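Just so you know, these numbers use all the heavy atoms, side chains as well, and skip hydrogens, waters and symmetry mates. All of these numbers come straight from a predicted model, not from anything done at the bench. Naming: A, B, ... by sequence-line order, numbering from 1 per chain.
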There are 2 protein chains.
Amino acid sequence: MKQSSEKIGDSPTRLQQDLLGQIIGLIHQDGLRPGARLNENRLAQRLGVSRTPIRAALEHLAGGGYVERQPNRGMELLALPPEPDAAEPAEGGEDDLIVRIAHDRGRDLLPLDISETELMRIYGASRQIVRAALERLADLDIVERKAGYGWRFLDTLQDRSARLESYRFRMLIETAAIVEPGFTLRPDWAEVMRRDHEMALAAALAGQWGPSSSVGFFEMNAAFHEGIGDASGNRYLAAAIRRQNRLRRLSNYDWTHGVARVVVNCREHLEILERLEARDHQVAAALMRRHLDMASRLQPSFESKD
Amino acid sequence: MKQSSEKIGDSPTRLQQDLLGQIIGLIHQDGLRPGARLNENRLAQRLGVSRTPIRAALEHLAGGGYVERQPNRGMELLALPPEPDAAEPAEGGEDDLIVRIAHDRGRDLLPLDISETELMRIYGASRQIVRAALERLADLDIVERKAGYGWRFLDTLQDRSARLESYRFRMLIETAAIVEPGFTLRPDWAEVMRRDHEMALAAALAGQWGPSSSVGFFEMNAAFHEGIGDASGNRYLAAAIRRQNRLRRLSNYDWTHGVARVVVNCREHLEILERLEARDHQVAAALMRRHLDMASRLQPSFESKD
DNA sequence: GATTGTTTCATGGAGAAACGAAATACAATA
DNA sequence: TATTGTATTTCGTTTCTCCATGAAACAATC
């Protein structure tokens, strides 16, 4: 048996899975056709890793029937593999746990003071995972180490004033980002954003709003604001916006404002986008300010959830 | 022997050391005199820990001769222990390592790509410490995980444009902090700040500037800016300012601008402080803007250090 | 009854060992 | 020579146990 000599087997690693997606992306980007050969060295170099995980990823692709190994001559492309949906929020147990902890604390399912081992029991996660999650939550000022043992929630989450402060902060930095002298929008990014928003808008208008749309909508939203930060040319503005999104991700994964608000949101984003493409930064900034100001006035209906 | 029953011995724990300092602080704050008794329960409650580490800390105080254990009646204060200097940058191996790594990378003593084990070898630290340091550096966008194994420096440090972006960002958020509607300065904080700055100013004018003054000066400086963030009443502004200081701490521990600049810096801070106390927020913000703008124009003389 | 002294339990850190997987070096093949 | 196939080395995660130490309960003392 030839297969047994390559020990690929069952589960692709995190890295291998990432590489798999990137390889597929490169295949499309380079416009390869069936019959083309995939050079391992070049892939390894372009993706910044060694050949080992590349080979494993290719082996997985072969398992799907998209490529075939030609002995001593490498992998040949048989069919174009479909592009996977980008940016799923990391199923496994890393960012996932952070969201779950924050969510459960928001519902008062977790006590204010809690120890690592207790969290390990509750979520069935290893100490390391729990630790990493707590560290990152601490970085967002959501928990803090107690002096001795254990951690304490700071309850920035359901805090009403925290929400307003967050919006005030965002109004400051996001408008500033838009009027930065070095602001330059990447045209391809704007294109993708427009398309995504128009699709979301159409879906919302058609009443297609499933329970899974919530996360996707949030991520599109986040990508919009982060893209503006990146375009500002100031890495600290960009980092601050990204940080705010990380914070919002913890409490905003379930959309509580209904479809009507989704429509408004998309339209406002599209309007800002238009102004940005027209280099009308002053108006775009004003629109952004109003966009955030309006959003800050919405009442999050927390309690009526289970 | 009575001592052997209490197993305190040699090395005070991190927690015990912290508590020791805090207990001393409370003794002074409460204005206790020799003869007073130190209640374990109350100390434990005020400091948010159990009695166990409190007892250990008190035992250490007894070792210094400042208190004495009266059997079954607790600790009696014999003499006022001296207040330790606050905010030493954590000798041990936590924050310390972060600064050292950043410093060495800034001097090009570390390669761009590096593995954890290599860092362990170089600094003789445990894997955990190195990991924690790298995670925090990653959080500041100074390193990033490579796809496979290892880490890569992003070199935000000696990057000239990063420096300017940082100052632009600070000009934005720190002036915004001052003009926040909820801005309220704690009078005691202002008092301490004024005193510290005047002392530093006097020392600088007298030409007393040792190699150790550098860190202390930086920390005073940082405390000033962070205090303004805290006074703003917006936790995200405060957090952003604190984060910028954390970043600056990595490259600014050695002051390269000479004593003259220390004098200017202190005077500007004192002027801002005055305006703030007079509730003259607009002018204070303008002064802050100019303060940062001037600082951003200084040329950091990097290379001439060893 | 309040406070200290003492014991017991739980927490989380340190260290070692084992393992899976990525990096690297080397051999084989076109 | 360039590329793939294979073996070796290295890395970092996982998992385990051990143990100091902090939390909490209980007993003793004033």
Side-chain angles (χ1 to χ4, degrees), chain A residues 2 5-16 19 37-45 47-59 69-76 113-121 125-132 134 145-151, chain B residues 2 5-16 18-19 37-45 47-59 69-76 93 113-121 125-132 134 145-151:
Chain A
K2 198 70 201 282
S5 75
E6 292 278 351
K7 35 181 117 168
I8 306 300
D10 7 78
S11 55
T13 308
R14 186 94 190 91
L15 173 59
Q16 290 169 14
L19 291 176
R37 276 222 281 285
L38 303 175
N39 184 313
E40 293 178 2
N41 278 318
R42 218 164 310 162
L43 285 173
Q45 199 160 11
L47 298 178
V49 295
S50 76
R51 273 173 58 211
T52 315
I54 294 284
R55 280 178 73 87
L58 288 176
E59 218 66 45
R69 166 139 281 154
Q70 309 284 3
N72 285 321
R73 283 190 298 148
M75 287 291 188
E76 178 180 318
D113 291 357
I114 197 161
S115 71
E116 289 178 19
T117 33
E118 206 160 345
L119 287 171
M120 287 167 62
R121 272 196 295 269
S126 76
R127 165 160 262 120
Q128 286 183 299
I129 303 283
V130 171
R131 263 302 282 282
L134 285 171
R145 285 198 101 93
K146 290 206 289 185
Y149 285 151
W151 300 72
Chain B
K2 198 67 198 283
S5 73
E6 293 276 355
K7 38 180 114 168
I8 305 301
D10 8 77
S11 55
T13 308
R14 184 95 187 88
L15 173 59
Q16 291 169 14
D18 288 352
L19 291 176
R37 276 222 280 285
L38 303 175
N39 184 313
E40 292 178 4
N41 278 317
R42 218 163 309 161
L43 284 173
Q45 199 160 10
L47 298 178
V49 294
S50 76
R51 273 174 57 213
T52 315
I54 295 283
R55 282 178 71 86
L58 288 176
E59 218 64 48
R69 168 139 276 153
Q70 310 282 4
N72 285 321
R73 284 190 297 150
M75 287 290 188
E76 178 180 318
D113 292 354
I114 197 163
S115 70
E116 290 178 17
T117 32
E118 205 161 345
L119 287 170
M120 287 168 61
R121 272 197 295 269
S126 77
R127 163 160 262 122
Q128 287 183 298
I129 302 282
V130 170
R131 262 301 280 282
L134 284 171
R145 286 195 101 92
K146 289 205 291 185
Y149 287 151
W151 300 73

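Picking from C:dA21, D:dT4, D:dA23 the nucleotide with the shortest atom distance to the side chain of A:Arg51 gives D:dT4. Closest to the A:Arg121 side chain, of the nucleotides C:dT11, D:dG12, C:dA23, is C:dT11.
We find the OG1-CZ distance between A:Thr117 and A:Arg127 to be 6.0 Å, quoted to the nearest 0.5 Å.
For the pair A:Gln128 CD and D:dT14 P, the computed distance is 5 Å after rounding to whole Å. Atom CG in A:Asp113 sits roughly 14 Å away from atom C1' in D:dG22 (whole-Å rounding). Rounding to whole angstrom units, CD of residue B:Glu40 and P of D:dG22 are separated by 14 Å. B:Asp18 places its CG atom 15 Å from the C1' atom of D:dT21, with the value rounded to the nearest Å. When rounded to the nearest whole Å, the span between CD of B:Glu59 and P of D:dA20 equals 18 Å. In this entry the distance linking CZ of A:Arg73 with C1' of C:dA28 reads 15 Å, nearest Å. In this entry the distance linking CE of B:Met75 with C1' of C:dT4 reads 11 Å, nearest Å. Atoms CH2 (B:Trp151) and P (D:dG12) sit 9 Å apart, rounded to a whole Å.
Taking 4.5 Å as the limit, every side-chain heavy atom of A:Met75 sits out of range of all side-chain heavy atoms of A:Arg55.
Closest non-hydrogen pair, B:Ala147 versus A:Leu47, comes out as CB-O, 4.5 Å. Listed here is the closest heavy atom pair of A:Trp151 and A:Lys146: C-CG, 3.9 Å. The nearest pair of heavy atoms linking B:Gln16 to B:Ala57 is O-CB, 3.8 Å. Contact record, B:Ala125 with B:Val130: CB-CG2, 4.0 Å, taken as the closest heavy-atom pair.
Checking the phosphate oxygens (OP1, OP2) of C:dT4, no side-chain nitrogen or oxygen of B:Gln70 falls inside 4.0 Å. Residue A:Ser50 has no polar side-chain atom (N or O) positioned under 4.0 Å from OP1 or OP2 of C:dT24. Between A:Arg42 and D:dT3 there is a side-chain polar atom (N or O) within less than 4.0 angstrom of OP1 or OP2. Residue B:Asn39 places no side-chain N or O under 4.0 Å from the OP1 or OP2 atom of C:dA2. Between A:Thr13 and C:dA22 there is a side-chain N or O to OP1 or OP2 distance below 4.0 Å.
Nearer to the 5' terminus of DNA chain D, by closest-nucleotide assignment, is the contact made by B:Arg131 (compared with the other of B:Asn72 and B:Arg131). Nearest-nucleotide mapping onto DNA chain D: of A:Ala147 and B:Arg145, the residue sitting toward the 5' end is B:Arg145. Mapping B:Ser126 and B:Asn41 onto DNA chain C by nearest heavy atom places B:Asn41 at the nucleotide closer to the 5' end.
Contact annotation for B:Leu38: backbone-only contact, meaning every heavy-atom pair under 4.0 Å involves sugar-phosphate atoms and none involves a base. Residue B:Thr52 is classed as a base contact, given a heavy-atom separation below 4.0 Å to a base.
One N or O donor and one acceptor, one from the side chain of B:Tyr149 and one from the base of C:dA21, sit under 3.5 Å apart.
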